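Model, not experiment: these values are computed from the prediction. A note on names: the letters A, B, ... follow the listed sequences, proteins ahead of strands, and every chain is numbered from 1.
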2 protein chains.
Amino acid sequence: MLKDKKNPQQCQIVVALNMIVGKWKPIILDHLLHGEPLRFNELKKLIPDITQRMLTMHLRELEEHDILTRTVYPQVPPKVEYRITEYGMTLQPMLKTMQQWGANHIEHMKEKDN
Amino acid sequence: MLKDKKNPQQCQIVVALNMIVGKWKPIILDHLLHGEPLRFNELKKLIPDITQRMLTMHLRELEEHDILTRTVYPQVPPKVEYRITEYGMTLQPMLKTMQQWGANHIEHMKEKDN
DNA sequence: AAACATAGTATTAAAAAAGATACTAATGGG
DNA sequence: CCCATTAGTATCTTTTTTAATACTATGTTT
């Protein structure tokens, strides 16, 4: 993570960036943001190409940042549910802004190629 | 770059993400967004820890995406100026949203630790 | 008793990103 | 002729991310 004491503003962008960088994080967030809580294997099925390891790592990281909660139900076989937090929902506007910019950029680059 | 045909919305977020991920891209953008055009060495001085190689690579990538222009003045020693494009300026609102979320997140995590 | 299901962990390997260091071209100045 | 200046390249190494594969625990079902 980039730290730049001379430039605290920049630093904040990087803080925000760190919530969503990681090969599978945007898609994990997407599934949890507009949906029910999901079990580990449900996420795995929704994101077929992710490995269990990557899924675990990304989920734990998001949990650490209070973006989602991990709830273990004491059953066998295990049941673990991942649920977006209230706080995690505050990512929504940022993601929407990015999504819009991205959509526009796709158009922009198409035009440029002509 | 993540491609996910079943989920075009996600894809757009990743498109936007790709404009600003890269260890030094946010700070390069920051310097060019609210300032004069800058020469290669001026940027290098503003970002002392970056290597020439990384600076070149990031600048070329941003140029490819039409975020900035590279102008070579036929002089010796060479003078090359990097300038944000009109289009590049459209990143501003997105970056601002991120910066605000980041600032808030720093506070949020502080509170959580207490 | 063996197989199954879920939610992982452990280990090793490959790929991608970043860093270190040395080198280049062209011209002006001493 | 030699040095300085600017904006890079070229190579090679290190670090960081991601992938592949095999393994585990524990009750339930057959």
Side-chain angles (χ1 to χ4, degrees), chain A residues 1-4 10-11 13-15 17-29 31-32 36-65 68-83, chain B residues 1-4 10-11 13-15 17-29 31-32 36-65 68-83:
Chain A
M1 180 171 159
L2 179 64
K3 275 166 206 151
D4 185 351
Q10 200 51 39
C11 211
I13 288 172
V14 175
V15 167
L17 220 35
N18 284 334
M19 287 310 109
I20 46 182
V21 289
K23 179 154 176 191
W24 308 98
K25 262 194 219 163
I27 196 168
I28 291 173
L29 285 173
H31 286 302
L32 288 172
E36 309 298 296
L38 291 167
R39 297 178 63 172
F40 188 86
N41 269 7
E42 291 176 324
L43 279 163
K44 181 78 188 63
K45 270 162 211 154
L46 290 167
I47 313 169
D49 290 346
I50 199 174
T51 61
Q52 286 181 284
R53 185 166 171 277
M54 274 294 110
L55 184 50
T56 304
M57 289 180 64
H58 281 156
L59 289 170
R60 295 290 156 86
E61 243 185 281
L62 291 167
E63 192 194 356
E64 253 182 59
H65 288 293
L68 51 83
T69 57
R70 175 172 179 273
T71 313
V72 181
Y73 295 87
Q75 307 177 355
V76 170
K79 173 175 174 182
V80 178
E81 227 176 44
Y82 293 92
R83 180 190 304 260
Chain B
M1 178 171 157
L2 179 64
K3 275 166 203 147
D4 186 350
Q10 200 52 37
C11 211
I13 289 173
V14 175
V15 167
L17 219 35
N18 283 335
M19 286 313 108
I20 46 182
V21 288
K23 178 153 175 192
W24 307 97
K25 262 194 220 162
I27 196 169
I28 291 173
L29 284 173
H31 285 302
L32 288 172
E36 308 299 295
L38 292 168
R39 296 178 63 172
F40 187 86
N41 268 8
E42 291 176 325
L43 278 163
K44 180 78 189 65
K45 270 164 210 153
L46 289 167
I47 314 170
D49 289 347
I50 199 173
T51 61
Q52 287 180 283
R53 182 170 171 273
M54 275 294 109
L55 184 51
T56 304
M57 290 180 64
H58 281 157
L59 289 170
R60 295 288 157 87
E61 244 185 281
L62 291 167
E63 192 195 355
E64 254 183 57
H65 289 292
L68 52 82
T69 57
R70 175 171 180 273
T71 313
V72 181
Y73 295 87
Q75 306 178 354
V76 171
K79 173 176 173 181
V80 178
E81 227 176 43
Y82 293 91
R83 179 191 304 261

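In this entry the distance linking CZ of B:F40 with P of C:dA25 reads 18 Å, nearest Å. Look at NZ on B:K79: it is 17 Å from C1' on C:dG28, rounded to the nearest Å. Whole-Å rounding puts the A:L38 CG to C:dG8 P distance at 13 Å. Whole-Å rounding puts the B:L17 CG to D:dT17 C1' distance at 15 Å. Residue B:K45 contributes atom NZ, which lies 14 Å from atom P of D:dG8 at whole-angstrom precision. Residue A:E63 contributes atom CD, which lies 15 Å from atom P of C:dA7 at whole-angstrom precision.
Bending across the helix from C:dA1-D:dT30 to C:dG30-D:dC1, expressed as the angle between its end axes from five pairs apiece, amounts to 30° (10° rounding).
Each of A:V76 and A:I50 has a nearest nucleotide on DNA chain D; the 5'-most of these lies closest to A:I50.
The shortest non-hydrogen separation linking A:H58 to A:G22 is NE2-CA, 3.8 Å. B:P48 and B:K44 get closest at one heavy-atom pair: O-NZ, 3.1 Å. Nearest heavy-atom pair, A:L32 versus A:Y82, reported as atom, atom and distance to 0.1 Å: CD2-O, 3.4 Å. Nearest heavy atoms, B:K25 versus B:I20: CB-O, 3.8 Å. Closest of all the heavy-atom pairs between A:L55 and A:F40 is CD2-O, 3.7 Å. Contact detail for A:P26 and B:L17: the closest heavy-atom pair is CG-CD2, 4.1 Å.
B:Y73 comes within 4.0 angstrom of nothing in the nucleic acid, heavy atoms only.
When the nucleotides C:dA7, C:dG8, D:dG8 are ranked by their closest atom to the side chain of A:P78, C:dA7 comes out on top. Between D:dA7, D:dT26, C:dT9, one nucleotide has an atom nearer to the side chain of A:Q52 than all others, and that is C:dT9.
Using a 4.0 Å cut-off on heavy atoms, the residues of residues 53-61 of chain B that approach DNA chain C are B:R53, B:M54, B:H58, listed by number.
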Candidate pair B:H65 and B:N18, rule side chain to side chain contact (heavy atoms under 4.5 Å, CB included), full reasoning: CA-CA 10 Å; B:H65 289 292; B:N18 283 335; 5.8 Å; no
Side chain to side chain contact (heavy atoms under 4.5 Å, CB included) between B:M57 and B:R60, intermediate numbers included: CA-CA 5 Å; B:M57 290 180 64; B:R60 295 288 157 87; 6.0 Å; no
Working for side chain to side chain contact (heavy atoms under 4.5 Å, CB included), residues A:L43 and A:L59: CA-CA 10 Å; A:L43 279 163; A:L59 289 170; 4.0 Å; yes
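One finds no side-chain N or O of B:K44 lying less than 4.0 angstrom from the OP1 or OP2 phosphate oxygen of D:dT6. When the side-chain nitrogen and oxygen atoms of B:R39 are compared with OP1 and OP2 of D:dT5, none of them lie within a distance under 4.0 Å. Look at B:K23 and you won't find any side-chain N or O under 4.0 angstrom from OP1 or OP2 of D:dT16.
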